[in-house]
**Student:** 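This is the structure I want to talk about, given as structure tokens.
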Amino acid sequence: MLSLQLIRDKKEFVAERLSIKNFDAANLLNEITALDKTRRATQSELDELLSKANQLTKSIGQLYKAGARDKAEAAKSRSAELKEQTKVLSAKLSETVELLNKKLVELPNIPHESVPAGHSDADNETVYEEGEMPTLPEDALPHWELATKYQIIDFDLGSKVTGAGFPFYRGQGARLQRALINFFLDEAIDAGYLEYQPPLLINEDSGFGTGQLPDKEGQMYFANEDNLYLIPTAEVPITNIYRNVILKETDFPIKNVAYSNCFRREAGSYGKDVRGLNRLHQFDKVEIVQIEHPDNSYATLETMKEYVANLLRKLELPFRILRLCGGDLSFTSALTFDFETYSGAQKRWLEVSSVSNFESYQANRMKLRFKDKNGKMQLAHTLNGSALALPRIVASLLENNQTPEGIKIPKALQRYTGFDLIK
RNA sequence: GGAGAGUUGGCAGAGUGGUCGAAUGCGGUGGUCUUGAAAACCAUUGACCCUUCACGGGGUCCAGGGGUUCGAAUCCCUUACUCUCCGCCA
């Protein structure tokens, strides 16, 4: 969430920035500032009362010790009166605070100044493009047909056992999955990331910390009996490692990587855009997460971007990088670059990575702070990026590399797959 | 799943109803001493909120939430977590 201080100091600026996200914040901001005012006044009033009550309480103890029983009894009844008043006030205070927090959480992160205005993915800005477009014959097969042809992914079996969007990978297909995971992890470790294996279920506090809760619970699978959510991305457990943590400035940069299954309900998605591997309820992803000093977070975002670009180069996939427009930017992000690979048979770009800087938005929710050189507390910045999400990478690899002999495996992967051709 | 014991400041560990935000030790920071370092000695040592230009003042926090009481780290209820024993189990 945004810091209250920012809203107090620069309400107009916040409103203007949020309009880039097509978010009309005027009313919400007014409510927040009003609640903030009430809260502070109530706090002062309550503190004063409590101060009186504390003094009284102390004197009662002393009066008893001194044997002045009558005086003590008199003080007791005064104290009881005070208590009634503090009860009323503290109820008012906690109501106000609760409402204030509720409203505060409804405000999305403000976009970085470089974010273009826009309403949908059509308004995203292509900032970079690289790689040779595949030249495929007219009868080239989409990946879901290749999957069947080579018996490497079974969607029907997944439907039988679980439901749509939960495929089985089989034989060389399963091996390819494992190869990609290991390749991505090894690359990350070489680049200085620390590998984690996170839990796949998270509690409510964690969901709140990274911004999935309270609004997006419909996107996550929920284990009702135990009040736990299946993670939609490793970002959630890995970033929440730092919930309620105070770092030292020398702890930066923090670079973590994790492979995990990801679970997404994808409520409301259907149609041909979601065929095959294009959109799944369960998929595999390697995610990089960095915690940074605010001064360095944008330089770090660039580094992460370059890191992801390099993975795609090694996989010999044509890709482009988009700067998301305000309308397509997630609730919590300040700046996001999407990576898309070109899938030759579907003849479309597929999103395979999303690299974001959340600035202090998640950190503020999580109370992730550090002590700066002057000993002052500051919120850290959090960043993350897919490096990479498997299904669409697999889709592009299968489609682009199909030949009459079989599907060619890029060189960098061969030592992981142990074969150079799917046949 | 059953039975029991715990959860105190960065860590260890006192504290069982009243000047306790909390002894003590370790660690951290600053200083004295030293050519330098170590040791020793001295001082200092949390987070959050309100208020103040500032100095300062006030409030909250002893796992989370609720309760008893004039007063709770201390008593009661509840949730989470940790540990021990039994059961089950990859």
Side-chain angles (χ1 to χ4, degrees), chain A residues 1-9 32-105 197-209 213-214 222-229 237 240-251 254 261 360 363-380:
Chain A
M1 58 189 180
L2 298 177
S3 86
L4 200 50
Q5 197 59 50
L6 180 73
I7 295 165
R8 278 181 202 150
D9 296 346
I32 288 171
T33 43
L35 282 166
D36 182 40
K37 234 176 151 180
T38 309
R39 195 204 106 236
R40 292 155 87 174
T42 313
Q43 175 87 255
S44 291
E45 232 180 303
L46 177 63
D47 284 356
E48 208 175 308
L49 267 183
L50 285 172
S51 178
K52 274 188 205 161
N54 285 343
Q55 280 173 10
L56 246 186
T57 286
K58 273 180 193 168
S59 73
I60 290 171
Q62 284 165 344
L63 285 171
Y64 272 121
K65 266 183 198 161
R69 190 159 284 273
D70 293 351
K71 281 184 181 174
E73 293 297 332
K76 258 194 192 181
S77 59
R78 249 181 300 146
S79 180
E81 281 169 37
L82 271 180
K83 206 200 166 174
E84 282 310 305
Q85 293 177 48
T86 59
K87 254 188 186 163
V88 173
L89 265 182
S90 70
K92 182 180 172 194
L93 181 65
S94 49
E95 260 170 49
T96 310
V97 168
E98 203 178 313
L99 193 55
L100 177 60
N101 283 133
K102 186 172 163 278
K103 295 285 175 191
L104 216 41
V105 161
Q197 267 191 36
L200 303 181
L201 288 104
I202 47 117
N203 60 29
E204 199 181 334
D205 285 348
S206 295
F208 178 83
L213 297 176
F222 181 55
N224 194 268
E225 282 287 289
D226 300 288
N227 221 265
L228 296 171
Y229 297 84
N240 271 285
I241 293 172
Y242 305 94
R243 175 153 46 82
N244 289 321
V245 164
I246 298 171
L247 296 165
K248 294 191 287 281
E249 214 175 77
T250 50
D251 291 332
I254 289 174
N261 295 295
S360 59
N364 196 208
R365 285 175 160 241
M366 285 193 293
K367 298 285 164 281
L368 159 52
R369 295 165 294 170
F370 70 97
K371 232 174 209 168
D372 68 18
K373 283 191 199 76
N374 308 316
K376 267 185 65 179
M377 285 293 183
Q378 268 186 261
L379 291 168

**Student:** Inspect the contact between E249(A) and K373(A) and indicate whether a charged nitrogen and a carboxylate oxygen are less than 4.0 angstrom apart.
**Tutor:** yes
**Student:** Can you check nucleotides 50-53 of chain B for protein contacts, nitrogen or oxygen pairs under 3.5 Å, and list what you find?
**Tutor:**
| residue | atom | partner | partner atom | Å |
| --- | --- | --- | --- | --- |
| rC50(B) | OP1 | R8(A) | NH2 | 3.3 |
| rC50(B) | OP1 | R39(A) | NH2 | 3.0 |
| rC50(B) | O2' | S44(A) | OG | 2.2 |

**Student:** Taking only residues two or more places apart in sequence or in another chain, which ones pass side chain to side chain donor-acceptor pair (under 3.5 Å) with D36(A)?
**Tutor:** R8(A), R39(A), R40(A)
**Student:** Is there a donor-acceptor contact under 3.5 Å from the side chain of S51(A) to the main chain of D47(A)?
**Tutor:** no
**Student:** Just call it for N54(A): base, sugar-phosphate, or nothing, with non-hydrogen atoms closer than 4.0 Å on any strand.
**Tutor:** sugar-phosphate
**Student:** Backbone N or O of A75(A) within a donor-acceptor pair of the S79(A) side chain at under 3.5 Å?
**Tutor:** no
**Student:** Whether K83(A) contacts rG71(B) is assessed here as follows: a side-chain N or O lying under 4.0 Å from the phosphate OP1 or OP2. Is that the case?
**Tutor:** yes
**Student:** Quickly work out the D251(A) CG to rG10(B) C1' distance and round it to whole Å.
**Tutor:** 13 Å
**Student:** Describe the nucleic acid contact of K371(A) in one word from base, sugar-phosphate, nothing, applying a heavy-atom distance below 4.0 Å.
**Tutor:** sugar-phosphate
**Student:** Applying a 4.0 Å non-hydrogen cut-off, can you work out what T57(A) is touching in the nucleic acid: base, sugar-phosphate, or nothing?
**Tutor:** base
**Student:** Do N203(A) and S206(A) have side-chain atoms, one donor and one acceptor, less than 3.5 Å apart?
**Tutor:** yes
**Student:** Using both distances under 3.5 Å as the test, list the Watson-Crick or G-U wobble partner of rC41(B), or none.
**Tutor:** rG31(B)
**Student:** Starting at CG of L89(A) and ending at C1' of rG58(B), how long is that distance when rounded to a whole Å?
**Tutor:** 15 Å
**Student:** For the pair made of CD in Q85(A) and P in rG59(B), what is the distance, rounded to whole Å?
**Tutor:** 17 Å
**Student:** Measure CD/Q55(A) against P/rG18(B) and give the value in whole Å, please.
**Tutor:** 20 Å
**Student:** If I take atom CG in residue L50(A) and atom P in nucleotide rC70(B), what distance separates them, rounded to the nearest angstrom?
**Tutor:** 17 Å
**Student:** Would one find a side-chain N or O of R369(A) under 4.0 angstrom from OP1 or OP2 of rA47(B)?
**Tutor:** no
**Student:** What is the distance from CD of E249(A) to P of rG28(B), rounded to the nearest Å?
**Tutor:** 20 Å
**Student:** E225(A) has an atom CD; how far is it from atom C1' of rU79(B), in whole Å?
**Tutor:** 16 Å
**Student:** When the distance from NZ of K248(A) to P of rA47(B) is rounded to whole Å, what number comes out?
**Tutor:** 14 Å
**Student:** Does rA23(B) pair with anything, Watson-Crick or G-U wobble, both distances under 3.5 Å, and if so, with which nucleotide?
**Tutor:** none
